[in-house]
Number of protein chains: 2
Amino acid sequence: MAATIRDVAKAAGVGVGTVSRVLNNSPFVSQPTRERVLAAMAALDYQPSPTARRLALGRTHTIGVITPFFTRPAFVGRLNGILAELTATNYDLVLFSINTPEQRDACFQNVSKFKSVDGMIIIALGVQDADATVIKHWNVPTVLLDSHHPDLPSIAIDDTGGGRLATEHLIALGHRKIAFIGDTFDSPFGFISSQRRYLGYRQALETAGFRYRPAYQRLGDHGRYVAHQLALELLELHDPPTAIFAASDTQALGVLEAAHARRLRVPEDLSVIGYDDIEIAEYLDLTTIHQPMYSSGQQAATLLFELLSGNPPEETHILLPVEVVQRGTAAPPRTAHG
Amino acid sequence: MAATIRDVAKAAGVGVGTVSRVLNNSPFVSQPTRERVLAAMAALDYQPSPTARRLALGRTHTIGVITPFFTRPAFVGRLNGILAELTATNYDLVLFSINTPEQRDACFQNVSKFKSVDGMIIIALGVQDADATVIKHWNVPTVLLDSHHPDLPSIAIDDTGGGRLATEHLIALGHRKIAFIGDTFDSPFGFISSQRRYLGYRQALETAGFRYRPAYQRLGDHGRYVAHQLALELLELHDPPTAIFAASDTQALGVLEAAHARRLRVPEDLSVIGYDDIEIAEYLDLTTIHQPMYSSGQQAATLLFELLSGNPPEETHILLPVEVVQRGTAAPPRTAHG
DNA sequence: AACAGAACTGGAACCGGTTCCATCCACGTT
DNA sequence: AACGTGGATGGAACCGGTTCCAGTTCTGTT
């Protein structure tokens with residue numbers, strides 16, 4: 001049986017309070033006493049119980065992260081940023097992974113998830129009003145990362161602006177026939193980033209005064225294969241686009257594959273722009289929109305700690321900017337005039 | 001202030017034991033009493049404290065995972081397998097990420113890491129005898145994933161066999177001049193998989209009766225850029241290799257880049273084989289060694305649960321096989337005879 | 001010498017659950 | 001009517017820390 005604080009107290013001939021003080025480096029312990037206690041701890045191979053400590057303190061020294069599809073590069077990157085921030089503070093991180101719509105729906109209802117952490121970060125999951133109510137009810141500081149709700153602090157990325165940026169980049173290159181490939185809008189997980197990128201795409205087209213072409217928009221489940229198929233559909237159109245904006249790099253890969261399958265050269269015959277700037281994008285020389293994944297994770301963690309510390313910042317809805325990373329898959333169309 | 005079990009007991013006019021029985025679905029509660037307790041819980045918005053439960057039960061219902069460089073695809077894949085297994089059992093997962101050699105060294109010493117979980121899975125980190133002693137001393141069931149030590153249960157992957165397999169594949173294609181690019185052997189994290197793959201490479205060459213060419217082995221820190229440089233060195237040799245075996249797909253990407261930079265066609269001028277079969281390998285048509293990342297994670301979790309349940313399996317040192325995935329980057333050399 | 005105040009210490013009470021023992025009650029037997 | 005049995009229940013003790021109050025000892029003043 002493991003030694004407890006009382007065993008140590010008895011062995012050292014002191015009270016439990018004193019042992020606790022030694023454990024917590026309280027200055028109100030005389031040097032001889034401290035040494036006696038430390039010796040007793042060593043002799044008994046005493047290891048304090050984190051669980052008992054948590055109960056007594058009422059704090060778990062742990063933060064939770066809820067993430068869907070934990071393997072997607074965008075989520076891994078964000079989580080990595082959170083982790084970096086956490087290890088600096090010595091907090092533990094408990095990871096909840098959501099892989100099915102059922103898990104998503106059950107997720108916020110599960111109290112013990114929230115009650116076993118001091119704070120929570122929710123990545124990407126769409127949050128409805130009802131969800132926000134439940135979350136606030138748990139009374140656990142929670143920040144949304146890459147998601148948004150008026151009642152909850154959030155670190156979001158300017159998806160609409162990014163969609164606009166990507167489209168404007170293609171327009172600036174001289175493209176007039178620009179297609180969009182993205183996730184379906186009715187994601188059971190409530191992801192809306194693809195939808196917002198689409199919105200930016202539409203805005204840019206409208207500002208440029210281009211007419212609306214429904215055929216140039218293809219939506220499907222997230223993934224390379226689906227995007228591949230959607231791109232093939234676009235390329236088989238009577239009047240195919242000269243450029244495709246994919247709502248994620250993963251989907252852009254599918255587009256590149258489709259172009260390859262159709263023997264189209266990129267960027268000569270088809271320009272492609274992705275979104276995310278995942279690690280492999282640089283290798284593939286993929287023009288894309290860089291979003292600060294690591295940094296957004298860090299900022300989410302920082303914001304959460306500010307909330308935990310009791311002095312929350314003025315602004316709790318942060319929108320991070322994105323930028324175009326010009327690489328080799330986007331160029332002026334061959335038929336461009338001037 | 002949140003309601004406690006005693007508040008509920010008072011409100012329902014029962015004893016705390018009865019409330020606890022209701023919480024735990026004990027059959028020894030009469031229906032009317034149960035309803036009264038449930039009503040009181042609802043009225044008080046009672047939420048049981050997981051922390052108190054843990055202290056009383058002496059179990060945390062949590063397992064820990066220590067992983068280095070959490071963003072590397074091989075580790076993410078394994079972690080994902082673990083997660084899948086855990087969500088099925090309702091255990092929580094706390095994630096410890098190791099990014100510096102200092103963290104690695106401090107890692108096993110930190111009791112509270114171990115004392116706050118029921119079981120631990122350690123990914124990839126090399127475990128010395130001294131480490132194993134410390135780990136066993138914590139008395140927390142621990143399984144090594146993609147690592148090995150005689151005193152600890154492990155799920156390992158047959159790296160030596162994989163290295164042999166990769167090399168034999170190149171030999172079978174007719175290659176005689178086969179180079180190796182891998183991680184430095186003195187990894188501060190104790191990674192040894194690259195080293196074992198190298199061992200397999202050497203074994204295969206020896207079995208085939210090829211002479212040992214030190215110049216064909218290049219080691220460096222893990223990563224695409226370094227591998228790129230090492231590959232350039234190889235290609236600049238007086239008598240360059242016709243095939244390169246990279247100890248990981250990430251490094252294989254660097255090799256492909258180098259080949260591209262040297263205007264060498266793959267596989268016509270240079271064959272490349274990687275290792276891991278990360279997601280992007282298929283996209284790049286990279287011939288590689290498939291190792292079951294997801295499944296290895298699942299098996300590690302399964303093994304850990306068997307240990308936790310008290311009836312450990314006979315064999316606690318499991319070695320998973322790997323296989324060649326033939327794709328487009330490995331082909332017979334142009335100068336091959338027959 | 002008297003005393004205030006600071007430094008140090010012991011230990012009861014508390015955090016919020018679980019568990020186990022003693023008790024009570026209803027019911028069926030003989 | 002006496003008694004055995006088992007389901008239902010209350011509550012003290014426990015898990016292993018922290019905290020706070022009260023008490024003791026040690027200093028430094030006047």
Side-chain angles (χ1 to χ4, degrees), chain A residues 1-38 40-41 44-62 92 111-112 114-118 138-140, chain B residues 1-38 40-41 44-62 92 111-112 114-118 138-140:
Chain A
M1 220 40 208
T4 75
I5 201 171
R6 279 163 247 268
D7 298 329
V8 174
K10 202 177 303 171
V14 301
V16 291
T18 301
V19 178
S20 179
R21 270 169 228 127
V22 171
L23 274 178
N24 295 287
N25 287 314
S26 158
F28 302 107
V29 181
S30 70
Q31 195 52 30
T33 307
R34 163 165 283 126
E35 276 159 19
R36 211 143 36 91
V37 171
L38 289 173
M41 285 179 177
L44 294 173
D45 189 28
Y46 168 73
Q47 309 294 351
S49 152
T51 304
R53 185 153 212 277
R54 286 172 189 192
L55 178 58
L57 290 174
R59 286 179 281 111
T60 61
H61 211 71
T62 292
D92 284 347
V111 216
S112 71
F114 283 81
K115 288 293 167 184
S116 56
V117 301
D118 289 345
W138 296 147
N139 223 17
V140 172
Chain B
M1 219 39 207
T4 74
I5 201 171
R6 278 163 246 268
D7 299 328
V8 174
K10 201 177 301 173
V14 301
V16 291
T18 301
V19 179
S20 179
R21 271 170 226 124
V22 171
L23 273 178
N24 295 287
N25 288 315
S26 158
F28 302 108
V29 180
S30 70
Q31 195 52 31
T33 308
R34 164 166 281 125
E35 277 160 17
R36 211 143 35 90
V37 172
L38 289 174
M41 284 179 178
L44 293 174
D45 187 30
Y46 169 73
Q47 308 295 351
S49 152
T51 305
R53 186 154 212 278
R54 286 172 189 194
L55 178 59
L57 289 174
R59 286 179 282 110
T60 61
H61 212 69
T62 292
D92 284 347
V111 216
S112 72
F114 283 81
K115 288 294 167 183
S116 55
V117 300
D118 289 345
W138 296 148
N139 224 16
V140 172

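All values derive from a computational prediction rather than experimental measurement. Hydrogens, waters and symmetry mates are skipped; everything else that's a heavy atom, side chains included, is used. Below, chains carry the letters A, B, ... as their sequence lines are ordered, and counting in each starts from 1.
Atoms NZ (A:Lys10) and C1' (C:dG11) sit 14 Å apart, rounded to a whole Å. As rounded to whole Å, 11 Å separates atom C1' of C:dT19 from atom CG of B:Asn24. Atom CZ in B:Arg53 sits roughly 21 Å away from atom P in D:dG17 (whole-Å rounding). Distance, B:Lys115 NZ to D:dG17 C1': 15 Å, rounded to whole Å. Rounded to whole Å, atom C1' of D:dA8 lies 12 Å from atom CZ of B:Arg36. Across the protein-nucleic acid pair, B:Phe28 atom CZ and C:dC21 atom C1' stand 15 Å apart, rounded to whole Å.
For B:Arg34, there are no side-chain hydrogen bond (donor to acceptor under 3.5 Å, both in side chains) partners, not counting sequence neighbours. By the side-chain hydrogen bond (donor to acceptor under 3.5 Å, both in side chains) test, B:Ser26 pairs with no residue at all, sequence neighbours left out.
For A:Val29, the listed nucleotide lying nearest its side chain is C:dT9; candidates were C:dT18, C:dT9, D:dG16. In this structure, the nucleotide among C:dG17, D:dG10, D:dT18 sitting nearest to the side chain of B:Val14 is D:dG10. Relative to the side chain of B:Ile5, the nucleotides D:dG16, D:dA8, C:dG17 differ in distance, and C:dG17 lies closest. When the nucleotides D:dG16, D:dT18, C:dG17 are ranked by their closest atom to the side chain of A:Ala52, D:dG16 comes out on top. Listed candidates were D:dT18, C:dT9, D:dG10. Nearest to the side chain of B:Thr18 is D:dG10. Comparing D:dG16, D:dG10, C:dG11 by their nearest atom to the side chain of B:Leu55 picks out D:dG16. When the nucleotides C:dG10, D:dT9, C:dG16 are ranked by their closest atom to the side chain of A:Arg21, C:dG10 comes out on top. Distance from the side chain of B:Leu23 is smallest for C:dT18 among the nucleotides C:dC8, C:dT18, D:dG16.
Between D:dT9 and B:Ser30, a contact under 4.0 Å exists linking OP1 or OP2 to a side-chain N or O. Between B:Thr4 and the phosphate of C:dG16, there is no side-chain N or O to OP1/OP2 separation shorter than 4.0 Å.
With the nearest nucleotide of DNA chain D identified for both A:Tyr46 and B:Gln31, B:Gln31 has the one nearer the 5' end. The residue among B:Pro27 and B:Leu57 whose nearest nucleotide of DNA chain D lies closer to the 5′ end is B:Pro27.
Using a 4.0 Å heavy-atom cutoff across all strands shown, B:Ser49 reaches sugar-phosphate atoms only and no base atom. Among the atoms of the strands shown, none is found under 4.0 Å from any heavy atom of A:Val19. Base engagement by A:Gly17 is indicated by at least one non-hydrogen atom pair under 4.0 Å involving a base atom. A:Gln47 comes within 4.0 angstrom of the backbone, heavy atoms only, and of no base.
Taking each heavy atom of B:Ala11 and B:Ala40 in turn, the nearest pair found is CB-CB, 4.1 Å. Considering every non-hydrogen atom in both B:Tyr46 and B:Ile5, the closest pair reads CE1-N, 3.6 Å.
For the pairing with A:Val19, the side-chain contact (heavy atoms from CB on, under 4.5 Å) check across A:Asp7, A:Val14, A:Val29 returns one residue only, A:Val14.
One donor-acceptor pair, N or O on each side, does fall under 3.5 Å between the base of C:dG17 and the side chain of B:Arg6. Judged by distance alone, with hydrogens and angles left aside, A:Arg54 brings no side-chain donor or acceptor close enough to the base of D:dG17 to form a pair under 3.5 Å.
At least one donor-acceptor pair closer than 3.5 Å links the side chain of A:Thr60 to the backbone N or O of A:Asp118.
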